[in-house]
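The structure under discussion appears below in the form of structure tokens.
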Amino acid sequence: MGGILRHRTPPAMIRDSPECVSLLTEKKEPCGPAWKCLPLSEVAQIIPPFFMAGFGTLAAGLLLDEVQNWRVFQTIGELFVLVPALLGLKGNLAMTLASRLSTEAHRGIQDPVSVVSGYLALDQAQALIVGLLASMIALVTGLANGTTVTNMVVLIATGLITASLVSIILGGLMCVIVLGSYRYNWNPDNIATPIAASLGDTITLAILACTAYVLYDIPDQALKTGICTFTITVYMIATVPLLRYSWNNIYARPAVLQGWGPILLAMMISSAVGVIMSKVAEKYSGLMGFLPIINGIGGNLAAIQASRLSTSYNLSRRVDFSEAGTSLFLLLLVIPGHVVFLGAKQLLDPSSYNGYFFGSFAVSALIQVSVLLVLCYLLVMLSPHLRNMDPDIYSIPILTALGDFLGTFLLTMAVKTLDNMGLFKGT
């Protein structure tokens, strides 16, 4: 792999070369409606991963519909608080990793082994810290409900194991996809983040549910507590060498310094979503299967736009408003995409929801994605005011977390409004 990539021009030479400067400063001729400015090759790269991501979130929704009735979820209700924070790892870490690697690919990767190892070590360390903090926030709600010590350690161990395994699987996959895209001259910004979205929710939820089930089902309480405590200790000790290695890596060091604020902010937002989700599960349990769909698709579309804008900004140090064509195209995908995904959900898991619900779902999704696409530009424009913090580091975690919040909040409010008006039919 290194032999293939080392001949590329160094980052500074690419950014400062006459050819690059010419391309970045060239005045583009008007091409009619904004959506027509997007080349067909770009459209062809965006659509397949988008639908792959959509069916991934559909699978996550169906899985959440099923596991919410498991005994472990019914007994340790705080797992519902943990779900959005851990699902958010795909935005906090996997998509952010994909965006960073995409930027490195556009600049020209000189040492792929160092780039990959540095970012993966940091990704794992951040996953463990986020997993621990998310578990602690869920634990606070559990203490208010009088949960047992054994259930506490099961909750924390579940969070750490899930975060670690998701980081390893998705992080490794992102490296393969970005380097492969670079090798075949595809734009990794269009491909990597949607694939992270497509697999992230389903993989995370499956690992979370299975881990919680296995740990909770250990019959001996003392053995269960011992295994969970040992797991927590090992993961916490492992965080130190991972951070040290990342700090000593020239590629990952900037992210070690800058990456924590956005990730922790996103985790706090996701935990708030988890509190809302736990309340939704109590009153509208059938709605749980729809939340990963609206949240996943919205975050996926915003991540594509943010990744493209971040790459452009890192190469030219200005916001590329010619990306408006991409934004409009992504917005136009919302309704056709949700028609396909909701239609598939109805075929696989028929529900009794009426037309008012699906109309409200469509309006909520349009509002959510419109807000997120505008925020993409605003967040990248903030970079000069944040000491030139790399937008690859902070934009996607915040956008995906806000996407989860907006999707959950808007759809829940729509359902409550319909219910109060007597127009809601469903569970």
Side-chain angles (χ1 to χ4, degrees), residues 33-35 46-47 50-51 53-58 60-62 64-65 84 87 91 194 197 201 269-270 272-273 276-277 279-281 283-306 324 326-347 349-378 398-427:
W35 62 271
I46 290 173
I47 289 181
F50 166 74
F51 279 100
F55 284 111
T57 57
L58 170 62
L62 294 173
L64 184 57
D65 248 350
L87 292 183
D201 285 347
I269 296 171
S270 296
V273 174
I276 298 174
M277 188 178 286
K279 301 300 181 183
V280 171
K283 188 170 183 181
Y284 304 108
S285 60
L287 197 61
M288 295 294 286
F290 291 92
L291 293 177
I293 298 175
I294 189 171
N295 294 343
I297 297 304
N300 172 28
L301 294 173
I304 294 173
Q305 184 67 84
T326 305
S327 301
L328 183 55
F329 175 72
L330 294 174
L331 186 61
L332 292 174
L333 284 177
V334 173
I335 297 301
H338 278 303
V339 167
V340 172
F341 305 136
L342 293 178
K345 186 179 188 306
Q346 285 296 98
L347 288 174
D349 183 29
S351 64
S352 58
Y353 292 105
N354 56 18
Y356 290 110
F357 169 78
F358 290 109
S360 299
F361 185 101
V363 172
S364 299
L366 277 174
I367 295 172
Q368 173 208 38
V369 174
S370 298
V371 172
L372 292 176
L373 291 176
V374 171
L375 287 174
C376 287
Y377 289 88
L378 294 177
I398 294 174
L399 284 167
T400 52
L402 287 175
D404 289 348
F405 177 79
L406 286 171
T408 302
F409 177 77
L410 290 170
L411 189 57
T412 302
M413 289 299 100
V415 168
K416 286 182 69 69
T417 302
L418 291 175
D419 200 10
N420 292 335
M421 295 172 64
L423 300 175
F424 177 68
K425 181 183 178 183
T427 55

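No experiment lies behind these values; they were computed from the predicted model shown.
Taking both residues in full, the closest heavy atoms of Ala302 and Cys376 are given as O-SG, 3.4 Å, listed atom of the first, atom of the second, then distance. Scanning both residues, Lys283 and Asp419, for their nearest heavy atoms gives CE-OD2, 4.3 Å. Shown here for Ala344 and Leu58, the closest heavy-atom pair between the two residues is CB-CD2, 3.6 Å. When all heavy atoms of Ser364 and Ala414 are compared, the closest pair comes out as OG-CB, 4.1 Å. The shortest heavy-atom contact between Gln368 and Gly403 is NE2-O, 2.9 Å. Considering every non-hydrogen atom in both Thr400 and Gly299, the closest pair reads CG2-O, 4.0 Å.
Ile304 is listed as a side-chain neighbour of Asn300, based on a closest heavy-atom distance under 4.5 Å. Annotation: side chain of Phe405 is in contact with side chain of Ile276 (closest heavy-atom distance under 4.5 Å). Side-chain contact between Ile294 and Thr408 is absent, with no heavy-atom pair separated by less than 4.5 Å. A 4.5 Å side-chain heavy-atom check between Ile47 and Phe329 finds at least one atom pair inside the cut-off. The closest side-chain heavy-atom distance from Thr412 to Lys416 is below 4.5 Å. Asp65 places none of its side-chain heavy atoms less than 4.5 Å from the side chain of Phe290. Residues Thr57 and Phe341 are not in side-chain contact: their nearest non-hydrogen atoms beyond the backbone lie 4.5 Å or more apart. Counting only heavy atoms from C-beta outward, the side chains of Leu402 and Leu372 approach each other to under 4.5 Å.
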Can Leu375 and Leu399 be said to form a side-chain contact (heavy atoms from CB on, under 4.5 Å), step by step? CA-CA 8 Å; Leu375 287 174; Leu399 284 167; 3.8 Å; yes
Apply side-chain contact (heavy atoms from CB on, under 4.5 Å) to the pair Phe357 and Leu423, showing each step before the final yes or no. CA-CA 8 Å; Phe357 169 78; Leu423 300 175; over 6 Å; no
Residues Ile46, Leu330; criterion side-chain contact (heavy atoms from CB on, under 4.5 Å); working and verdict: CA-CA 9 Å; Ile46 290 173; Leu330 294 174; 4.1 Å; yes
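Partner Asp404 forms a side-chain contact (heavy atoms from CB on, under 4.5 Å) with one of Leu291, Asn295, Ile269 and no other, that one being Asn295. For the side-chain contact (heavy atoms from CB on, under 4.5 Å) criterion with Leu366, the lone passing option out of Leu410, Val371, Leu331 is Leu331.
Residue Phe358 qualifies as enclosed at atom CZ: its count of foreign heavy atoms under 6.0 Å is above 12. Within a 6.0 Å radius of CZ in Phe51, other residues, nucleotides and ligands contribute more than 12 heavy atoms.
By the salt bridge (Lys or Arg N to Asp or Glu O under 4.0 Å) test, Asp349 pairs with Lys345, sequence neighbours left out.
Rounding to the nearest 0.5 angstrom, the gap separating the CG atom in Leu411 from the OH atom in Tyr284 is 11.0 Å. Distance check, rounded to the nearest 0.5 Å: CE of Met413 to OG of Ser360 gives 12.5 Å.
A donor-acceptor pair under 3.5 Å links the side-chain atoms of Gln305 to the main chain of Ser327, judged by distance alone.
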